[in-house]
Each structure stands twice: as structure tokens, then as C-alpha cells.
Amino acid sequence: MRVAIIYDTHTGTTAGAAEKMAEVVRAAGHECNVANTSHAEQALSGAKAVVLGAWTEGWFIIRQHPSAPMMRWLEDATLVGRPVAVFATYKIAVGSTVRHLAVAAESAGGKVTGMYKVKGPNVPDGFESWVRSLDSDAAI
């Protein structure tokens with residue numbers, strides 16, 4: 001199965017997490033294209049599943065939300081019929097960033113089946129299980 005990981009990064013942390021997550025996807029035997037929002041259409045071509053990542057904007061511990069470029073991209077994105085995992089990177093607090101990202105992904109037609117918080121450029125706990133779940137959804 002082909003998986004696209006689309007992200008928006010500010011300092012490189014979200015890009016680093018996306019690349020590490022792509023390694024997990026590839027190790028499970030799937031194809032994986034990774035791109036920032038400005039090159040997302042190429043990465044989405046032929047993808048049966050999507051991972052979306054954004055960094056957390058906000059005031060330290062209040063008013064957190066997904067990065068503006070990711071939210072703008074999602075306004076025009078078409079994710080219809082695809083399983084989607086969302087993740088948000090953060091330094092201090094993530095607030096409701098992941099939930100906001102999930103709502104936007106579902107508004108774009110995706111079916112959110114994984115939601116993750118990531119501190120630093122790491123693979124979030126539970127992501128490997130999400131990748132394994134793609135095998136059971138092979139008919140997608």
C-alpha cells in the first residue's frame with residue numbers, strides 16, 4: 001500500500017518526526033512518500049492512506065492549534081475514503097491541536113483512525129500499531 005505523509009514544519013522537528021515515521025511505514029513493507037504541504041499533491045498521488053503532521057502554534061500552554069499552513073492546505077485537500085493518522089509536535093504543551101487537526105482531516109473527507117502527540121522528532125507511541133492496521137484494510 002502507498003502511504004503519504006504530509007507535514008508542516010517550523011524548526012524541522014515535525015519534518016524529522018515525519019521522516020522517522022516514514023521509516024516505520026517502509027519497514028512494514030509499504031511505499032511511503034513524505035512531503036511538506038507545498039509539495040503534498042505529488043506525495044498524495046496514488047496514496048491509499050495518509051498521515052498529517054503539524055507543529056503546535058500558540059502561547060506556551062494556552063490557545064494551541066495546528067500550524068496555519070497545514071490548516072490552509074486542509075481547506076482544499078481531498079482525503080475522501082482514506083484512513084488518516086494525525087500528529088502534532090510540541091515543546092511544552094499540545095492542547096487541543098491534535099483534535100483540531102483530526103476535525104479538519106475529517107472535513108476533507110478522511111477517516112481519522114489514529115491521533116498522536118509527539119514531543120521532539122520521534123515516532124509517537126502507538127504509530128506502529130496504526131501502520132499494522134493498514135494491512136487489515138488492504139481492500140481500501
Side-chain angles (χ1 to χ4, degrees):
M1 175 181 294
R2 183 174 294 164
V3 178
I5 300 178
I6 310 300
Y7 66 88
D8 178 51
T9 194
H10 181 63
T11 63
T13 301
T14 310
E19 290 295 342
K20 288 181 179 179
M21 293 165 82
E23 291 173 14
V24 170
V25 172
R26 292 178 186 123
H30 301 289
E31 280 184 60
C32 187
N33 295 321
V34 181
N36 64 27
T37 55
S38 63
H39 296 99
E41 296 313 312
Q42 284 178 294
L44 277 174
S45 179
K48 300 292 185 192
V50 180
V51 179
L52 301 173
W55 58 281
T56 300
E57 285 191 73
W59 297 351
F60 299 106
I61 59 171
I62 60 171
R63 300 186 132 183
Q64 286 88 1
H65 57 279
S67 61
M70 174 57 77
M71 296 305 281
R72 278 193 303 272
W73 180 80
L74 276 167
E75 288 174 4
D76 296 323
T78 302
L79 304 175
V80 176
R82 298 174 182 168
V84 177
V86 296
F87 74 95
T89 56
Y90 68 100
K91 294 204 187 277
I92 297 172
V94 73
S96 57
T97 302
V98 176
R99 188 179 75 241
H100 288 300
L101 194 54
V103 168
E106 288 186 345
S107 292
K111 180 181 178 191
V112 175
T113 55
M115 297 172 53
Y116 307 99
K117 301 172 186 176
V118 186
K119 190 162 188 174
N122 302 303
V123 174
D125 291 338
F127 182 71
E128 290 180 20
S129 294
W130 182 83
V131 172
R132 283 192 301 275
S133 78
L134 296 176
D135 292 330
S136 64
D137 295 334
I140 295 174

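Since this is a predicted model, take the numbers as computed values, not measurements.
- By the rule that hydrophobic residues join a cluster once side-chain heavy atoms approach within less than 4.5 Å of another member, Val50 and Met115 end up as members of one cluster.
- Note on ring orientation: taking the six-membered ring where Trp is involved, the planes of Trp55 and His10 are parallel (angle under 30°, cut-offs 30° and 60°).
- At a threshold of 4.5 Å between non-hydrogen side-chain atoms, the residues Leu101 and Leu74 count as touching.
- With rounding to the nearest 0.5 Å, the separation of CD1 in Ile6 from CG in Asp8 is 11.5 Å.
- Side chains of Asn33 and Gln42 form no contact here, defined as non-hydrogen atoms less than 4.5 Å apart.
- Going from atom CD of Glu23 over to atom SG of Cys32 covers 10.0 Å, rounded to the nearest 0.5 Å.
- One finds the CG atom of Leu79 at 14.5 Å from the NZ atom of Lys111 (value rounded to the nearest 0.5 Å).
- By the 6.0 Å contact criterion, CD on Glu106 is enclosed, its count of non-hydrogen atoms from other residues, nucleotides or ligands being greater than 12.
- Note that the CG atom of Leu44 and the CZ atom of Arg2 stand 11.0 Å from one another [nearest 0.5 Å].
- The two atoms that bring Ala17 and Phe87 nearest to each other are CB-CE1, 3.9 Å, heavy atoms only.
- Listed here is the closest heavy atom pair of Arg132 and Ser129: NH2-OG, 3.0 Å.
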*In sequence, state the C-alpha distance, the side-chain angles, and the governing distance for Val131 and Val3, and then conclude on side chain to side chain contact (heavy atoms under 4.5 Å, CB included).*
CA-CA 9 Å; Val131 172; Val3 178; over 6 Å; no
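- Residue His30 holds its NE2 atom at 4.0 Å from CG of Asp135, rounded to the nearest 0.5 Å.
- The side-chain heavy atoms of Asn36 and Thr9, taken from C-beta on, include no pair separated by under 4.5 Å.
- Considering only heavy atoms from C-beta on, Met21 comes within 4.5 Å of Pro124 through its side chain.
- Sorted by first then second residue, the side-chain hydrogen bond (donor to acceptor under 3.5 Å, both in side chains) pairs that include residues 85-98, not counting sequence neighbours, are Thr14-Thr89, Ser96-His100.
- Smallest separation of non-hydrogen atoms from Arg82 and Ala47: NE-O, 3.3 Å.
- Residues Ala40 and Trp73 approach most closely at CB-NE1, 3.4 Å, considering heavy atoms.
- No path of Ile, Leu, Val, Met, Phe, Trp and Tyr side chains, each step under 4.5 Å between heavy atoms, connects Tyr7 with Val103, placing them in separate hydrophobic clusters.
- Atom CD1 of Ile5 sits about 13.0 Å away from atom NZ of Lys20, to the nearest 0.5 Å.
- Shown are Val118, Asn122, Val25; of these, the side chain to side chain contact (heavy atoms under 4.5 Å, CB included) with Phe127 is made only by Val25.
- When all heavy atoms of Thr13 and Gly120 are compared, the closest pair comes out as CG2-C, 3.4 Å.
- Of all heavy-atom pairs between Gly110 and Val84, the closest is CA-CG2, 3.8 Å.
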